[in-house]
Colleague: 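Here it is, the structure, as structure tokens.
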Amino acid sequence: QVELVESGGGLVQPGDSLKLSCVKSEWTFKIFVMGWYRQVPGKERELVAKITSDGSTNYADSVKGRFTISRDNAGNTLYLQMDSLKPDDTGVYYCYADLKISWSSRRTDHWGQGTQVTVSS
């Protein structure tokens, strides 16, 4: 079973920066999409940013120009650089991967356990 392990969350003040990391536990045959989602109590999990296998990126309107998604060359680590943080960025951030574990396996979704980001003065 592929695991995604997030790190880098914490408590910061408005205007500060944080960089989240997500490490994939093992080699996989193909990654179609990796991304970051955010969830706050009482609301559905929402997409923050995603990156496809060809490097295309997509961001939520609320974070465009402030957040940057990237990955290492091997595709084993996903990052989210978050700058100019706002209180509305507060939430649990989850790493997501849409991938095939092996050549013969079906395409499956995988989620990390989440990391808390709190932006407060």
Colleague: Can you find a pair of side-chain heavy atoms, one from T90 and one from V40, that are under 4.5 Å apart?
Modeller: no
Colleague: Could you tell me the separation between the CD atom of Q39 and the CD atom of E46, rounded to the nearest 0.5 Å?
Modeller: 9.5 Å
Colleague: Quick one, F67 with L18, criterion side chain to side chain contact (heavy atoms under 4.5 Å, CB included). Give me CA distance, side-chain angles, the key distance, then yes/no.
Modeller: CA-CA 10 Å; F67 290 12; L18 271 179; over 6 Å; no
Colleague: Are more than 12 heavy atoms, taken from residues, nucleotides or ligands other than D54, located less than 6.0 Å from that residue's CG atom?
Modeller: yes
Colleague: Between Y94 and G112, which heavy-atom pair has the shortest distance, and what is it?
Modeller: CD2-O, 3.6 Å
Colleague: Hydrophobic clustering (ILVMFWY, side-chain heavy atoms < 4.5 Å, transitive) - are Y59 and V117 grouped together?
Modeller: yes
Colleague: Considering non-hydrogen atoms only, spot the tightest contact between T57 and I69 and give its length.
Modeller: CG2-CG2, 3.7 Å
Colleague: Not counting sequence neighbours, list each pair that qualifies as a disulfide bond (SG atoms under 2.5 Å apart) and has a residue in residues 15-121.
Modeller: C22-C95
Colleague: With the side chain counted from C-beta on, respond yes when T108 and V2 share a heavy-atom pair under 4.5 Å apart, and no when they do not.
Modeller: no
Colleague: What closest approach, in Å, do L20 and G9 show between heavy atoms, and which atom pair accounts for it?
Modeller: CD2-N, 3.6 Å
Colleague: Other hydrophobic cluster members with W27, side-chain heavy atoms of Ile/Leu/Val/Met/Phe/Trp/Tyr under 4.5 Å, chained?
Modeller: F29, W103
Colleague: In terms of heavy-atom contacts, does CD of Q113 have more than 12 from other residues, nucleotides or ligands at under 6.0 Å?
Modeller: yes
Colleague: Look up atom CD in Q116 and atom CG in L11, then write down how far apart they are to the nearest 0.5 Å.
Modeller: 9.5 Å
Colleague: For R66, which of D89, D83, D61, D88 qualifies under salt bridge (Lys or Arg N to Asp or Glu O under 4.0 Å)?
Modeller: D89
Colleague: To check you understand the geometry: which heavy-atom pair defines the closest contact between H110 and L4, and what is its length?
Modeller: O-CD1, 3.4 Å
Colleague: Given the rule in the side chain to side chain contact (heavy atoms under 4.5 Å, CB included) test, do V63 and R38 qualify, once you have shown the distances and angles that lead to the verdict?
Modeller: CA-CA 11 Å; V63 306; R38 175 173 67 206; 4.2 Å; yes
Colleague: Establish whether L78 and Y37 are linked, either directly or via other cluster members, by ILVMFWY side-chain heavy-atom contacts under 4.5 Å.
Modeller: no
Colleague: Find out if a path of hydrophobic residues (ILVMFWY) with successive side-chain heavy-atom gaps under 4.5 Å connects V12 to Y79.
Modeller: no
Colleague: Nearest 0.5 Å, what's the CG-OG distance between D16 and S121?
Modeller: 11.0 Å
Colleague: Which value, rounded to the nearest 0.5 Å, describes the distance between N76 atom CG and K24 atom NZ?
Modeller: 4.5 Å
Colleague: What's the spacing between D98 CG and M34 CE if we round to 0.5 Å?
Modeller: 10.5 Å
Colleague: Counting C-beta onward and ignoring hydrogens, is there a side-chain heavy-atom pair between R71 and I31 closer than 4.5 Å?
Modeller: no
Colleague: In this structure, which one of Y96, Y93, W36 forms a ring-ring contact (aromatic ring centres under 6.0 Å, His included) with W111?
Modeller: Y96
Colleague: Just so I know, are the side chains of K30 and S53 near enough to count as touching, which here means a heavy-atom distance under 4.5 Å?
Modeller: yes
Colleague: Show the nearest heavy-atom pair for residues S17 and Q81, with the distance to one decimal.
Modeller: CB-NE2, 3.9 Å
Colleague: If only atom types and distance count, is the side chain of D72 paired as donor or acceptor with the main-chain N or O of T77 below 3.5 Å?
Modeller: yes
Colleague: For F32 and K100, which heavy atoms make the closest approach, and how far apart are they?
Modeller: CE1-CG, 3.5 Å
Colleague: Would you say that more than 12 heavy atoms from the other residues, nucleotides or ligands in this model lie under 6.0 Å from the CD of E26, or not?
Modeller: yes
